[in-house]
Every structure is written in C-alpha cells, then in structure tokens.
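Reading through the structure tokens given below for one structure.
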Protein chains: 2
Amino acid sequence: MKNGSEGNLRSQSLVGGTLANDVLHRLREDIISCILKPGEKLRFEAMKDIYGVSFSTLREALSRLSSERLVVSEGQRGFKVAPISSEDLGDLTNARVLIEKECLLRAMERGDDEWKSRILSTFHRLDRLENELEGQRRVTPEWDQLHAEFHEALVGASASPTLAEIRDRLFERSRRYRRISAMVRKTPRAKTDEHRMIMEAVLSNDVDHAMTLIERHVREIAQNIMENGLEVTPVQAA
Amino acid sequence: MKNGSEGNLRSQSLVGGTLANDVLHRLREDIISCILKPGEKLRFEAMKDIYGVSFSTLREALSRLSSERLVVSEGQRGFKVAPISSEDLGDLTNARVLIEKECLLRAMERGDDEWKSRILSTFHRLDRLENELEGQRRVTPEWDQLHAEFHEALVGASASPTLAEIRDRLFERSRRYRRISAMVRKTPRAKTDEHRMIMEAVLSNDVDHAMTLIERHVREIAQNIMENGLEVTPVQAA
DNA sequence: ATATGCGATAATTTCGAAATAATAAGAACA
DNA sequence: TGTTCTTATTATTTCGAAATTATCGCATAT
C-alpha cells in the first residue's frame, strides 16, 4: 500500500527530518502532479491510509499546504485541493513576473563565477533532455525537475532569503498549471530557444534583455496553458 | 489560566473556525508583540498549558508559523521564535519595498471611490490617535492596529490575492521589528507627516510621488529601528 | 585533561481513540 | 408537495497517552 513515492521505513529519508515534513513534501508533489486533482475533496480516512500517517500529522501537512495556496481549508469542513482557474493563473503570473524579474536582477548584480557556471550546467542538462525528447512525449517529471533547477540556478545569487522563498512558492504553484497544460496538450510541445536566450542574456550581463526575456517567458507559459484549455481535470465541483 | 487574549469557551469567537486556527492567531500576535521573545525556545509542555491546547494542535500552529518565518523549526528538536537580526530586517525591508510599491501601484490604477474613502477614514482615525498620543507613549497596540489598517486600506484595491497575501506576511514580520524598536526607544517618537503625505499623493493620483513616498516610508522605518538598536531582548542565543 | 560510550532523563513527535461538528435521512406537520 | 424538526450517520477536530529522539551526566578509557 503506502504512497507512490517509496515504501517508507520510518526514519529513512524523511525529507525534513520529521514525518510531518515528509508527508508535506509528498502531498505537495502529488498535488502539483495532479495525482490529487484540483478541487478534489481530501478525506482524512482515505489519506491516512494512503500516506501512512495519523490524523494529526496529516492535518499538520494540510494546514501548511493551505498556507501555500495549494490546498483550501473549508472552515471546519476539512480540506480540498486548491481549484484552478484562469483568474488564479493570471494573478499568479503577474506576481511571478514581478518576483522573477527582481530575483534575476539581484542575482545579475551579485552573481559570481560559480553562479554562472551553475546556470551553464543546468542549462545544458535541460537542453540535452529536450533534444532527446524532441517532438515526442509530454512534460516528463525529469524535464520538470531540470527545468526547475535551471530557473533556480538563474536566481541562485539573489541573496534574499525572503524573495527566494516567495519565488519558490509561486514557482510551485505554476508547476501545477504547467503539468495540467501538458496533460491536455494535443500537439507535442515545440522546443523553443527561450531558455538558451535567457541564459545568454544573463551570462553576458545584458540586464535589460534578460528582464524582457524572463517576463516574456513567464507570460508565454501562462498563455500556452490558457490556450490549451484549463477546464480539464474537471473533478466534480465542490 | 488560559492565555492572555480572553477566556475561551469553546466555539466562541474561534477566529478561523477551528481551535487550531485560533491558536495560530494568538501565537502570531504573541510573537509579534514579543510576549514570546525573539530566539526563545518554545517548549510544548509549557505552551500547552498557556494556550490551553493539546500537543497536536499546538504543533500545527507552530508548523504554520514556521512557514511564515515567525518561528523556526529545528529538525526534530522543536521550535523557537524566529531570531531578529539586522540582516533579516534589511532583507525584509527590500522585499517590502518591492511588494508595497507594486500593490500600491495596482491599487491606484484600479481603485474606486470606496477605496479612496476608506483610505481617508483610516487615515483620520490614525491621525487622531497620534495627536492624542502626541509626544507621550510608545507604540500602543491601538496605534499598531490603526497603522496596519491605514496601510491595508492603501493597497485595498490592488486586486491580486497573491500579492495581497505576500504583503500581509511581510507586514506582519515588520510589525514585530516595529514593536521591538518601540520598546527600546529612549526619546518619544516624533509624529511625522509621512502618512498624510502618502495619503495626499495617493488620493490625487500622483503615482510617481506616491511610489517615492511609500518606499521612503518603508525604508525609514527600518532605518529608525536599526538606529534604536536591535540587540535588545537578548534572550540567550540558542 | 580530553574524549568516548553508556544509561537515565527530558523533550518532541506520532498515533489512534474520544469528542465535536456537519451532513444525510426520515418523520411529523402544514 | 413542501417544510421543518429530529435522529442517525459520517467526517473532522481535538486530546492525551505511547513511542521516538535528543540531551545530560557520569563512568571509563585514551
């Protein structure tokens, strides 16, 4: 039984040290990957078995996720997975543009060689994978991972724990929309050079160009998602 | 016994519907007002009695507060109140400048008459209180409340749930520093016209001026706080 | 002296049962 | 038929005991 990730033999690879933290991470991933569908009611009895934890521990994780806007708390009527909507995606995208630009700007002002080399290496890993995947499959978990690492590398020198955390939160929320979009895409995703262009602008210290590109990138993704339709994964409205 | 706020007869004024939510709010306020001091270890056994809840409920609240950066989780070694530092204050201030400006900008682009009248009324309430307090006491809880309401009113029309939530979080963190600063201030706080100037710029649709003023306001507060010294409320370092 | 290992103590984390609140189903009434 | 109580059922929230993990003190060895 247990949950997808791996059989959990207590105290083995507990992501954050505690079981509560581990469940938090697993739940977050399951929501982002839409194993738990948008709007879906989260029943304790069932989840308890699936994730192999008790009421309290489960509740702690759900409570935290609700503060990350991946879960919605319904008074004393439990929790459900945060619904998706084009309004939410639009709002999220605006916030992301603001934050990603600021983080990237700060990183470009501060970044050292190590920062640059990490950008280079994460880009190449992503690029290599995209070539292998050329024209074929949808967004794989591996792509998602490398894509996240590339963007993380870009802002890795922003030197602001507060902004970095905000960025992470927004990025995670957008990952879910990306996955949804990939699930319903009809035509295989065209490989673009956006990431390469961003990388080049950043490594050549062209701040203005980098700002323009990162904004376009964030907005284009949202645009793609909306065009691919959002009403997917209907899940009986609550 | 129970905790400061009020005697809680179950299901009477539970802020968020659940007891867990209520404890969350009470803890947050106690941290911001430094009843729980920066860096202080939070022991379950004691807190359990003070707040009148069980281990699990308490843990849920602490876990959420740690995601708000008001509490720090120490692996499987419990929780402590987030320490204060000038680095943290600086980081926080930078983020606040970015977010407050964006929220205010958006509000000014969108705000209607109701928005403006709320700004006016919250300003007057704040102003009246400041006149009564003229030269005498430190930052009172009432001032803190009205001050928060004025700033909230300013951005009340920003029409972005995501940005609004981010702003709230940052504002709460800064409230704590403000309280700390007030506690150690030697000279009574001089009443400034900053709030009036901001209000006037906003109500007269002078975007550029409003942006300049709000940035200066946020930075000035941080500046004051640092000048008043921060090493207060030492609390044996962990 | 300093370091290492062991046992006892104290703290946190986790569990599952008990209490509480919401929902559904049915009965009584207009 | 529709409405409003009441009761039964289901789900969530909360508690406090039990398990786990960290910490402290002391003995032993280097």
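No experiment lies behind these values; they were computed from the predicted model shown. Protein chains get the first letters and strands the later ones, always in sequence-line order, with residue 1 at the start of each.
- Side-chain atoms of A/Phe55 lie closest to D/dT14 of the nucleotides D/dA11, C/dT14, D/dT14.
- Separating the CG atom of A/Leu42 from the P atom of D/dA11 is a distance of 14 Å, rounded to the nearest angstrom.
- Comparing C/dT14, C/dT12, D/dA22 against the side chain of B/Arg77 picks out D/dA22 as the nearest.
- Between B/Glu142 and B/Arg125 there is no salt bridge, since no side-chain nitrogen of the basic residue lies less than 4.0 Å from a carboxylate oxygen of the acidic one.
- When each of C/dT14, C/dC15, D/dA11 is scored by its nearest atom to the side-chain atoms of A/Thr18, the top-ranked nucleotide is C/dT14.
- Regarding B/Asp22, its CG atom lies at a distance of 14 Å from the P atom of C/dA21, rounded to whole Å.
- Separating the OH atom of A/Tyr51 from the P atom of C/dC15 is a distance of 15 Å, rounded to the nearest angstrom.
- Rounded to whole Å, the distance from CG on B/Leu19 to P on C/dA18 is 20 Å.
- Near DNA chain C, meaning a heavy atom under 4.0 Å away, the residues from residues 56-67 of chain B are B/Ser56, B/Arg59.
- The side chain of B/Val53 has D/dC15 as its nearest neighbour among D/dC15, C/dA22, D/dT12.
- One side chain, A/Arg96 or A/Ser174, offers a donor N or O that lies under 3.5 Å from an acceptor on the other.
- In this entry the distance linking CZ of A/Arg43 with P of C/dA22 reads 17 Å, nearest Å.
- Salt bridge annotation for A/Asp112-A/Lys116: absent, with no cationic side-chain nitrogen under 4.0 angstrom from a carboxylate oxygen.
- Note: CZ (A/Phe44) to C1' (C/dA22) measures 14 Å, nearest angstrom.
- Between C/dT12 and B/Lys80, no contact under 4.0 Å exists linking OP1 or OP2 to a side-chain N or O.
- Proximity of B/Lys48 to the phosphate of D/dA17: no side-chain N or O atom is located under 4.0 Å from OP1 or OP2.
- A distance below 6.0 Å separates the ring centres of A/Phe150 and A/His195.
- In the model, A/Arg219 has no side-chain atom that pairs as donor or acceptor with a side-chain atom of A/Asn224 under 3.5 Å.
- A donor-acceptor contact under 3.5 angstrom links the side chains of B/Ser63 and A/Glu60, judged on distance only.
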Next item on the list: Please report the C-alpha distance between B/Thr162 and A/Arg69 in whole Å, then the side-chain angles of each, then the deciding distance to 0.1 Å, and finally whether the side-chain hydrogen bond (donor to acceptor under 3.5 Å, both in side chains) criterion is met.
Entry: CA-CA 9 Å; B/Thr162 298; A/Arg69 292 180 162 256; 4.7 Å; no
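- Here the nucleotide nearest the side chain of A/Phe79, chosen from D/dT13, C/dT13, D/dA22, is D/dT13.
- The end-to-end axis angle of the helix from C/dA1-D/dT30 to C/dA30-D/dT1, rounded to 10 degrees and based on five pairs per end, is 20°.
- In this structure, A/Gln76 does not reach the C/dA21 phosphate: none of its side-chain N or O atoms is under 4.0 Å from OP1 or OP2.
- The one candidate from A/Asp30, A/Leu19, A/Thr57 that meets the side-chain contact (heavy atoms from CB on, under 4.5 Å) condition with A/Tyr51 is A/Asp30.
- Per the geometry, CD belonging to A/Glu45 stands 12 Å off C1' belonging to C/dA17, to the nearest Å.
- Using a 4.0 Å cut-off between charged nitrogen and carboxylate oxygen, A/Glu172 and A/Arg175 count as a salt-bridge pair.
- Here D/dT14 is the nucleotide among D/dT14, C/dT14, C/dT12 with the atom lying nearest to any side-chain atom of B/Ala20.
- One interatomic measurement links the two molecules: CD of B/Glu74 to P of D/dT23, which rounds to 9 Å at whole-angstrom precision.
- Under the side-chain hydrogen bond (donor to acceptor under 3.5 Å, both in side chains) criterion, B/Arg110 pairs with no residue at all, not counting sequence neighbours.
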